K.L.:
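Structure below; questions to follow.
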Amino acid sequence: MDNVCFQQRLRECSSTSSSPQHQRPNNIGYLTSPMERKFTPLSMKPSPSRRDTEKDALEFEFLEGCKKSGVLDIDGLKQAVDPNEIHIIGLLGSGSCGVVESAMVKSKLMAVKTMYKNDNKENLKRILRDVRIMSLCNSPFIVTSYGYFMFDSSVKICMQIMSACCEKLLRRIYHSKLEFFPEYVAGHIVYSAISALDYLKERHSIIHRDIKPSNILFDDSGNIKLCDFGISGFMTNSMAHSKSEGCPPYMAPERLTIETNSKYDVRSDVWSLGITIYQLVTGIYPFPLNDMEFTTLTIIANLNLPSPSLKGETTRSFSPLFIEFLDFCLRKDVRERPEYKQLMKHDFFLDYDPSRGDFYKLKTINGNPSHVAEWFNSVIARSRCEDELKPIPNTPCVN
Ligand SMILES: Nc1ncnc2c1ncn2[C@@H]1O[C@H](COP(=O)(O)OP(=O)(O)OP(=O)(O)O)[C@@H](O)[C@H]1O
């Protein structure tokens, strides 16, 4: 490997705006401003001297999208909704691109994600991707979109409301000194996330590219769904061809290396899921994190250094099947890392497939009925809401 290129790619990654300490747009507020409530399609003709065809295409897509703005599909009923009918209740979360709030819309409780538009092409690309992919998807393992609103300076996506993301749960668990995610919950997350990722790949040729604890959501019934498609990409010949952003600490080694970062496939999401699961069950991000993100990324990208493994875990015990499954996901050399279809044949995955009847693991564990919903609700009951905002030491702070 050309060391100069490698170092350069690592520096790019560690300085990206989607680094763990995401930068937030300074115009984010909890409340919807009166400006946003008024829908006025933009006149977006760029001046001839500053013509950028890609930006023109994005702005055209935005104008086309405006035609469907304000039409929500709520429980099978399509209806035109006035932005004034969005009654914000409270903040659910925030990310690099905007805020997510709970809201009542036409007597339906929803999550409304507001993303702020600026002059930056990448910002518009990200917003449009999120809108487009959310509208496209129909999977029990992906948060459902009801529709969206487009305004001059922002876009709102109205979606199914979930109860908490894995990151918030992990923070609650850590600060209340509860047991980290049990293996059977990890199994349920693996089953749901891989089903969602496989659906995205097979049905829409989409790669998620941003798998991390904050993008995996729980509802009160124990359902697990993926969200946040802002940096997802469309693949050609099963390969992604853009060196798009992501969250560097969860990026696969091949995405950190200059020769391969613009040509990778869904196996990079397998790695990110592996790191996420490792963190949820041990409570620890598996690489040393210090002020120099560059150092962390160098360790991840170095194929000669060992991968994290639950084999060495001394504080908790895990089944050999789970350990093996995670070891497969965390193979540093992408050529040795399995794709979804291979992982879906692994016994650990199959144990959590509800269609397997008596073999379905969540029916009984040690003879006792065991449900993810019970676990989730007991964590919520036994921990404090304010802890969701407190970071965990040595863990990427992604939101
Ligand atoms: N449908 C939802 N229901 C409940 N909470 C949600 C929902 N969608 C998102 N959230 C919360 O809001 C947080 C931020 O959402 P999201 O990741 O979509 O924003 P983002 O700006 O794209 O963030 P990122 O910086 O991770 O890319 C999530 O981590 C989660 O806690």
Side-chain angles (χ1 to χ4, degrees), residues 16-30 86 88-105 108-118 122-135 137 139-148 154-172 196 208-221 223-233 244-251 272 276 279-280 376 380 385 387-391 395-399:
T16 171
S17 61
S18 347
S19 69
Q21 284 74 34
H22 280 310
Q23 285 178 356
R24 292 201 189 129
N26 56 14
N27 56 349
I28 293 177
Y30 286 19
I86 304 175
I88 299 295
I89 299 171
L91 183 71
L92 291 170
S94 60
S96 53
C97 215
V99 290
V100 182
E101 294 160 301
S102 55
M104 198 58 98
V105 183
K108 176 102 182 162
L109 186 61
M110 300 183 178
V112 178
K113 177 170 175 173
T114 305
M115 294 173 284
Y116 295 90
K117 254 181 105 234
N118 59 34
E122 291 309 312
N123 160 276
L124 184 55
K125 213 189 262 183
R126 189 178 169 149
I127 293 174
L128 288 172
R129 245 186 258 153
D130 213 354
V131 170
R132 188 167 161 209
I133 296 177
M134 290 261 345
S135 313
C137 289
S139 156
F141 305 108
I142 293 172
V143 169
T144 305
S145 160
Y146 301 122
Y148 58 85
S154 68
V155 170
K156 289 182 184 297
I157 304 180
C158 296
M159 56 185 158
Q160 173 181 25
I161 189 157
M162 301 291 283
S163 305
C165 65
C166 288
E167 165 139 308
K168 284 182 181 171
L169 277 178
L170 196 58
R171 287 178 176 184
R172 276 177 173 253
H208 189 285
R209 292 201 284 222
D210 201 15
I211 296 296
K212 58 186 178 187
S214 60
N215 286 338
I216 301 177
L217 309 180
F218 273 78
D219 70 14
D220 291 349
S221 309
N223 297 306
I224 290 167
K225 299 177 192 239
L226 297 189
C227 71
D228 194 2
F229 298 93
I231 63 162
S232 299
S244 179
E245 337 68 33
C247 188
Y250 294 93
M251 273 189 193
S272 310
T276 299
Q279 194 183 332
L280 298 181
F376 174 81
I380 295 294
C385 185
D387 286 343
E388 288 179 357
L389 299 173
K390 293 186 197 153
T395 298
C397 179
V398 291
N399 270 319

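Since we're looking at a predicted model, the values are computed, not measured. Order of listing sets the numbers, starting from 1, for every ligand and every atom in it.
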K.L.:
Going by the atom numbers of ligand 1, which of them fall below 4.0 Å from some non-hydrogen atom of K113?
P.N.:
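Counting from 1, the qualifying ligand atoms are 16 (P), 18 (O), 19 (O), 20 (P), 22 (O).
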
K.L.:
Which atoms of ligand 1 have any heavy atom of K168 under 4.0 Å away?
P.N.:
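Matching atoms, with element in brackets: 31 (O).
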
K.L.:
Could you work out, with salt bridge (charged side-chain N to carboxylate O under 4.0 Å, His left out) as the rule, every residue matching D220, not counting sequence neighbours?
P.N.:
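In terms of salt bridge (charged side-chain N to carboxylate O under 4.0 Å, His left out), with neighbours along the sequence ignored, D220 is linked to no residue.
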
K.L.:
Can you name the nearest heavy-atom pair linking L217 to M162, along with the distance?
P.N.:
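For L217 and M162, the tightest heavy-atom pair comes out as O-CE, 3.5 Å.
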
K.L.:
Might you work through the side chain to side chain donor-acceptor pair (under 3.5 Å) test for K156 and T114, ending with a clear yes or no?
P.N.:
CA-CA 4 Å; K156 289 182 184 297; T114 305; 2.9 Å; yes

K.L.:
Taking R129 for the side chain and F229 for the main chain, is one N or O donor matched with an acceptor at less than 3.5 Å?
P.N.:
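It does not hold such a pair.
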
K.L.:
Near G93, which atoms of ligand 1 are under 4.0 Å from a heavy atom of that residue?
P.N.:
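Counting atoms of ligand 1 from 1, those under 4.0 Å from G93 are 12 (O), 13 (C).
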
K.L.:
Which pair of heavy atoms, one from I157 and one from M134, lies closest together, and at what distance?
P.N.:
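Closest approach of I157 to M134: CD1-CG, 4.5 Å.
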
K.L.:
Using distance alone, determine whether K212 and ligand 1 share an N or O pair under 3.5 Å.
P.N.:
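Between K212 and ligand 1 (N or O atoms, distance only) the closest approach is under 3.5 Å.
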
K.L.:
Any donor-acceptor pair under 3.5 Å linking the side chain of R126 with the backbone of I231?
P.N.:
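Not at all, since once roles are kept as given, no pair shorter than 3.5 Å links the two residues.
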
K.L.:
Compute the shortest N/O to N/O distance between C97 and ligand 1 and return yes if it is under 3.5 Å, no if not.
P.N.:
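Yes.
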
K.L.:
List ligand 1 atoms under 4.0 Å from M159, heavy atoms only on the residue side.
P.N.:
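Selected atoms, number and element: 1 (N), 8 (N).
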
K.L.:
For atom 29 (O) of ligand 1, state which one of S94, S96, S214 supplies the nearest heavy atom.
P.N.:
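The residue whose heavy atom sits nearest atom 29 (O) of ligand 1 is S214.
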
K.L.:
Which one of L92, L169, D228, L217 has a non-hydrogen atom at the shortest distance from atom 7 (C) of ligand 1?
P.N.:
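It is L217 whose heavy atom sits nearest to atom 7 (C) of ligand 1.
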
K.L.:
Mind checking salt bridge (charged side-chain N to carboxylate O under 4.0 Å, His left out) for K125 and listing every partner two or more places apart, or none if nothing turns up?
P.N.:
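K125 satisfies salt bridge (charged side-chain N to carboxylate O under 4.0 Å, His left out) with E54, E122 only.
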
K.L.:
Is there at least one pair of N or O atoms, one from V100 and one from ligand 1, spaced under 3.5 Å apart?
P.N.:
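Not met; the criterion fails.
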
K.L.:
Touching ligand 1 at all, R126? Heavy atoms, strictly under 4.0 Å?
P.N.:
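Yes.
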
K.L.:
Could you check whether any heavy atom of G98 sits closer than 4.0 Å to an atom of ligand 1, since that is the contact criterion I want to use?
P.N.:
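It does, in that a heavy atom of G98 comes within the 4.0 Å cut-off of ligand 1.
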
K.L.:
Side chain or backbone of N215 under 4.0 Å from ligand 1, or both, or neither, by non-hydrogen atoms?
P.N.:
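Side chain only; the backbone of N215 stays clear of ligand 1.
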
K.L.:
Within the structure, does Q160 bring an N/O atom to less than 3.5 angstrom of an N/O atom in ligand 1?
P.N.:
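For ligand 1, there is an N or O atom that lies under 3.5 Å from one belonging to Q160.
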
K.L.:
Minimum heavy-atom separation for I161 and A111, please, with both atom names.
P.N.:
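Shortest heavy-atom separation between I161 and A111 comes out as CB-N, 3.8 Å.
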
K.L.:
Nearest heavy-atom pair of V100 and M159: which atoms, and what distance?
P.N.:
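Of all heavy-atom pairs spanning V100 and M159, the closest is CG1-CE, 4.1 Å.
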
K.L.:
So, does S139 use its side chain to make a donor-acceptor pair with the main chain of F141 at under 3.5 Å?
P.N.:
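Confirmed, S139 side chain pairs with F141 backbone.
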
K.L.:
Which ligand 1 atoms, with their elements, are less than 4.0 angstrom from a heavy-atom of A111?
P.N.:
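Answer for ligand 1: 1 (N), 2 (C), 3 (N).
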
K.L.:
Quick one: look at D210 and ligand 1, take heavy-atom pairs under 4.0 Å, and tell me if it's side chain, backbone, both or neither.
P.N.:
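Side chain only.
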
